[in-house]
Number of protein chains: 2
Amino acid sequence: MSAPNGLGAEAYQSVATGAAAERQRAHSTLPLGLPERCSICGLRDACVSCDLVLVSTGRAEDVIVNDQHIVQGGYLYRAGDPFTALYTVRTGSYKTVQSLEAGREQVTGFHMPGDLLGADGISSERHDCNAIALEDSHVCVIPYSQITKFGRYRRELQYRLQKAMSGEIVRKHGVMLLLGTRRTEERLAAFLLNLSERFATRGYSPTEFVLRMTRRDIASYLGMNDATVSRQLSKLQGDGLIAVRNKHLQIRDLAGLTRCLSGKAD
Amino acid sequence: MSAPNGLGAEAYQSVATGAAAERQRAHSTLPLGLPERCSICGLRDACVSCDLVLVSTGRAEDVIVNDQHIVQGGYLYRAGDPFTALYTVRTGSYKTVQSLEAGREQVTGFHMPGDLLGADGISSERHDCNAIALEDSHVCVIPYSQITKFGRYRRELQYRLQKAMSGEIVRKHGVMLLLGTRRTEERLAAFLLNLSERFATRGYSPTEFVLRMTRRDIASYLGMNDATVSRQLSKLQGDGLIAVRNKHLQIRDLAGLTRCLSGKAD
DNA sequence: CGACCTTTTGAACGTATTCAACCGATGTGG
DNA sequence: CCACATCGGTTGAATACGTTCAAAAGGTCG
């Protein structure tokens, strides 16, 4: 697990039911003999749920199921699903997609290990977007029942949840700022720098990583056309700031890329 | 309090220090003999903090200070301020503004009675945006200390806070969708319809209200130029969907305005 | 190997911005 | 109370940016 692995094309539709079935299974049977526990998970600092209960009671199973697997292209949850649990990404990555009438949709976020998923469902007790695995992924499951209950070792959970949701709001503000005030080149630069930071936080290389989402996903997220994403990537490459080959991306001039953000003329 | 009142020009700069001083005052002295209590506030359903403690202990003062006044153009809090409390708007309205390097900034939200303010500060324990009163306004203050404490009557607070933050995330998704996938006319229509809904929820007329923010604020929020806001408002008026006169807005054809949202060609 | 999907690139078009002038409303000071 | 200054809003014309449409190249998977 030294660097994020690449992935092939996505196949959203075909695996959906399979994923749902798998989800069912994961909920009903407590996974014993897990390959990893919080104590060896390596996400400690970044993760919402990590080490949460081991610290206080040692009975992780009551609160967190930490081995739900979703295959590439599978749904962790769908818009409209009853909200039953929160999730933290353990391995792999997800995108969240907001569907609109007339087939229009937008990617509202990319989520990597340690990130919280599902908080959108708390308010209406139904999820309002789709969470789709960008690659084969594992999540930890925090049942909703554990969130409404109170008790010694849920204080910490409540606290972290609040922080995570607040952080989510702050991040959304950032994206809105991006969508509202930036040119396409700046948006793309900001996007890459954001990824870079997040990889760095998680111990991966900040200058060389794999874009596990499609160009179309990026375009959707950044509110632009996929053709424009291609063009701007090519331009950034032409300027010597990055090197792209398929899904593999290398940042060659971090400072220069950062300079893209502040104003246009350099 | 039958309909939102109009307001004049905003004066952000001059009142700032005055507002800060006022805030200080509101924090240090418990307001006795308040003009309104939760039980007669009229925001019951919509408000995060309303009736919260009266129900359980009757000692509202411990948890909520419900009469902090901010004058028009004054700051409720600023980006970078230590996070000390959450707020619910009681009367008036606010905008939240994200500042960027080089004087660029964006309006990230408009907030009306019952809405939660300040949740952006939980994650880093500092606020990440400015909250500015669009008119003379009152808020209820929920000190941070009350949020971290646990106890019988904070369960409800925690619960409502979660719901409110989750709702905030959902709303931001909606805005992102707007910014990312919509033409300017659609954005404006969506904005007006959103306002309409929110006014309706609060018992105001959904078809006739006052835009308490400037065109520039709207433009910033919707990620477009203020000239474009003007143009599109004029166009919507020309199409007979709305009537605008200065800050007064009337929706003449709600269905038609809704139709603006779905696709372009009618 | 062949079918399909993603990505790239080109050319024409359309939308929204920019710049600027003008109008109207508001608020201030004489 | 009126004149003036200021700010917010509207509108026009030119420009630039990004989209759209289309075609072709490159990958991926059966």
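None of the values given here were measured: they were computed from a predicted structure. Hydrogens, waters and symmetry mates play no part in the numbers below; they use all other heavy atoms, side chains included. A, B, ... follow the sequence lines: proteins, then strands. Residue 1 opens every chain.
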Name every donor-acceptor pair, under 3.5 Å, that has one atom in a side chain of residues 221-230 of chain B and the other anywhere in the protein, sequence neighbours excluded.
unit_1: B/N225; atom_1: OD1; unit_2: B/A227; atom_2: N; d: 2.9
unit_1: B/D226; atom_1: OD2; unit_2: B/R216; atom_2: NH2; d: 3.4

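To the nearest angstrom, P of D/dC17 lies 11 Å from CD of A/E186. Between the P atom of D/dT20 and the CG atom of A/N225 lies a distance of 5 Å, rounded to the nearest Å. Following rounding to the nearest Å, A/I218 (CD1) and C/dT6 (C1') show an atom-to-atom distance of 12 Å. Between B/Q232 atom CD and D/dG12 atom P the separation is 14 Å, expressed in whole Å. Here the P atom of nucleotide C/dA16 and the CG atom of B/L188 are 11 Å apart, to the nearest Å. Atom C1' of nucleotide C/dT15 and atom CD of B/E185 are separated by 12 Å, given to the nearest angstrom. With rounding to whole Å, A/H248 atom NE2 is found 14 Å from D/dT28 atom P. Regarding A/R212, its CZ atom lies at a distance of 19 Å from the C1' atom of C/dT6, rounded to whole Å.
Take B/D239 and apply the salt bridge (Lys or Arg N to Asp or Glu O under 4.0 Å) test, not counting sequence neighbours, and it matches B/K235. Residues satisfying the side-chain hydrogen bond (donor to acceptor under 3.5 Å, both in side chains) test with A/T207, not counting sequence neighbours, are A/S205.
Between B/Y204 and B/F199, the ring-plane angle classifies as perpendicular under the 30° and 60° cut-offs.
Within the structure, salt bridge (charged side-chain N to carboxylate O under 4.0 Å, His left out) contacts touching residues 188-201 of chain A (residues at least two apart or in different chains) are A/D115-A/R198.
End-to-end axis angle for the helix from C/dC1-D/dG30 to C/dA21-D/dT10, using five pairs per end and rounding to 10°, comes out at 50°.
The one candidate from B/L193, B/D253, B/L236 that meets the side-chain contact (heavy atoms from CB on, under 4.5 Å) condition with B/C260 is B/L236.
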Atom pairs under 3.5 Å: protein N/O with N/O of nucleotides 7-9 of chain C:
unit_1: C/dT7; atom_1: OP1; unit_2: A/R215; atom_2: N; d: 3.3
unit_1: C/dT7; atom_1: OP1; unit_2: A/K247; atom_2: NZ; d: 3.4
unit_1: C/dT7; atom_1: OP2; unit_2: A/R215; atom_2: N; d: 3.1
unit_1: C/dT8; atom_1: OP1; unit_2: A/R215; atom_2: NH2; d: 3.3
unit_1: C/dT8; atom_1: OP2; unit_2: A/R215; atom_2: NE; d: 3.1
unit_1: C/dT8; atom_1: OP2; unit_2: A/S230; atom_2: OG; d: 2.1
unit_1: C/dT8; atom_1: O5'; unit_2: A/S230; atom_2: OG; d: 3.2
unit_1: C/dT9; atom_1: OP2; unit_2: A/S234; atom_2: OG; d: 2.5

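An OP1 or OP2 oxygen of D/dT20 is reached within less than 4.0 angstrom by a side-chain nitrogen or oxygen of B/R183. Between A/R182 and D/dC17 there is no side-chain N or O to OP1 or OP2 distance below 4.0 Å.
Judged by distance alone, the side chains of B/T184 and B/Q232 do bring a donor and an acceptor atom under 3.5 Å apart.
Closest approach of B/D136 and B/Q72 over heavy atoms only: OD1-N, 2.7 Å. Smallest separation of non-hydrogen atoms from A/L179 and B/M176: CD1-O, 3.8 Å.
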